[in-house]
Number of protein chains: 2
Amino acid sequence: MGVRKLQAAETESALLAAARQLFAERGYLNTKITDITGTAGRATGSFYQHFASKEELLRALETDMYEQGSAALASEGTGEPHDLADPVHLREHLAVAWEVMRGNRAVVAALFESAVAAGPASGALWDQLTTGTAVYREHLEYMRDQGRELPGDPELVAAAMGGMMSLLAYTMPPAYSADAVIDTLTALLLHGLAGPISDSGR
Amino acid sequence: MGVRKLQAAETESALLAAARQLFAERGYLNTKITDITGTAGRATGSFYQHFASKEELLRALETDMYEQGSAALASEGTGEPHDLADPVHLREHLAVAWEVMRGNRAVVAALFESAVAAGPASGALWDQLTTGTAVYREHLEYMRDQGRELPGDPELVAAAMGGMMSLLAYTMPPAYSADAVIDTLTALLLHGLAGPISDSGR
DNA sequence: GTCTATATCGCGATAGAC
DNA sequence: GTCTATCGCGATATAGAC
């Protein structure tokens, strides 16, 4: 690899790192391109040598996160469909999703802000939500095919679960304990507000 | 009321109506002040006679909705705390919240976009979420005091429930049937994915 | 490939006539 | 109170030297 190409690679990763930091601190919409080049220690014009726009830089961060996410899922052996109503499996799933999202807070936040800025009628956020929860939907469809009774349409249930998770991951102050969150969400999604013992048992 | 004051009131409500329409169509962030005055059939400068900024106009729409919301809650007699794990009460609560949110889609969307634009570190969305779910939290605390086992900390559970609702209300295409959504959410929040019969029953 | 300097533009906000 | 006209800022994107 030539000197110039190497320098280019360095600049590119410096820009990505700076963007990550700034997106986490002040959000995607509030981060200007000059902010990114500034913290990366580069000139404004250099940005466009690597990305056509802020939006395109975000796509790069996005694919990074997805690769990381599917790697984590694969290593946990969650590729095969299984019963989400099994406490161990459900908790595992939620834990992996939570860790990836919280570990990439900046990216989650930026994707979220970007989709929201497109406006409600654009459907960008709904697309993002259904795409991101496709794994849940498949598991739920598998459960339904096994004869299980579900709370409703798999796509809707999956979107509800994913929406809950991602909104919390976005908004929640970093101080919250990850374990507490995962425990609570597992309990809520597994047995609801009524708890593990059915009403008639009271 | 004098002629001028009357004309002013007309202009103001025209601006509010135009803003409502545009916020629903293209979202809050994508709506420019000149868009609002344009659709309202007024000149750009007139806007500032009534509102100091787009943000202030949004506050006016917000108070409108809250008054409407608390009126709806009062007429349903949901002021007193009761058991959210009761299917009838839970469904009632979710239905009222859903109707108000979907009936004021534009305002919900605008508040949401405004809070998101403030960035994740600002905590604006978290504040909005905890404030908006204060009613749930109170009910959950009441349940806990009655000796009920909850999935977790009331504030967290309330935020999770509210986040799910409001994100769905924001993103979901208008075509979805309200009844189906309310039924599904009630079932999910009441008994979770495992359903009304506990696992040991299988 | 990176830099500095600058063109360009959308949009919020104001001034002043009617 | 409403209108037309315009100022001025902030931010994207480009031009051209090194």
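Naming convention: chains lettered A, B, ... in sequence-line order (proteins, then strands); numbering from 1 in each chain.
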Rounded to whole angstroms, how far apart are [atom1] on [X] and [atom2] on [N]?
| X | N | atom1 | atom2 | answer |
| --- | --- | --- | --- | --- |
| B:K5 | D:dG1 | NZ | P | 9 Å |
| B:L15 | D:dG1 | CG | C1' | 12 Å |
| A:E56 | D:dT12 | CD | C1' | 15 Å |
| B:F47 | D:dC3 | CZ | P | 14 Å |
| A:D35 | D:dA11 | CG | C1' | 10 Å |

Does the side chain of [X] get closer than 4.0 angstrom to OP1 or OP2 of [N] through an N or O atom?
| X | N | result |
| --- | --- | --- |
| A:S46 | C:dC3 | yes |
| A:Q49 | C:dT2 | no |
| A:H50 | C:dT2 | yes |

With a cut-off of 3.5 Å and sequence neighbours excluded, list every side-chain donor-acceptor pair involving residues 181-190 of chain B.
{"from": "B:D183", "atom 1": "OD1", "to": "B:R91", "atom 2": "NH1", "distance (Å)": "2.1"}
{"from": "B:T184", "atom 1": "OG1", "to": "B:A180", "atom 2": "O", "distance (Å)": "2.9"}
{"from": "B:T186", "atom 1": "OG1", "to": "B:I182", "atom 2": "O", "distance (Å)": "2.6"}

Quick check for you: to the nearest 0.5 Å, what is the distance between [X] atom [atom1] and [Y] atom [atom2]?
| X | Y | atom1 | atom2 | answer |
| --- | --- | --- | --- | --- |
| B:E55 | B:Y28 | CD | OH | 4.0 Å |
| A:L156 | B:L168 | CG | CG | 6.5 Å |
| A:N30 | A:D35 | CG | CG | 9.5 Å |
| B:I33 | B:K54 | CD1 | NZ | 7.0 Å |
| A:T133 | A:Q128 | OG1 | CD | 10.5 Å |
| A:F112 | A:F23 | CZ | CZ | 16.0 Å |

Ring pair (Phe, Tyr, Trp, His ring centres under 6.0 Å) involving B:Y48 - partner list, sequence neighbours excluded: none
What are the atom names and distances for every N/O pair under 3.5 Å that joins the protein to nucleotides 15-18 of chain C?
none

What orientation do B:W126 and A:Y176 show, parallel under 30°, tilted 30 to 60°, or perpendicular over 60°? perpendicular
Under 3.5 Å, which protein N or O atoms sit close to an N or O of nucleotides 11-13 of chain C? Give each pair with its distance.
{"from": "C:dG12", "atom 1": "OP2", "to": "B:I33", "atom 2": "N", "distance (Å)": "3.4"}

Salt bridge B:E62-B:R59, side-chain N to carboxylate O under 4.0 Å: yes
Using a heavy-atom cut-off of 4.0 Å across all strands, would you classify A:Q7 as base, sugar-phosphate, or nothing? sugar-phosphate
Pairing string, 5' to 3', for DNA chain C - Watson-Crick or wobble contacts under 3.5 Å, brackets [ ] where pairs cross, | to another strand: ||||||||||||||||||
Just distance, no hydrogens or angles: give the donor-acceptor pairs under 3.5 Å from side chains in residues 95-103 of chain B, sequence neighbours left out.
{"from": "B:R102", "atom 1": "NH1", "to": "B:A169", "atom 2": "O", "distance (Å)": "2.9"}
{"from": "B:R102", "atom 1": "NH1", "to": "B:M172", "atom 2": "O", "distance (Å)": "3.3"}
{"from": "B:R102", "atom 1": "NH2", "to": "B:P173", "atom 2": "O", "distance (Å)": "3.4"}

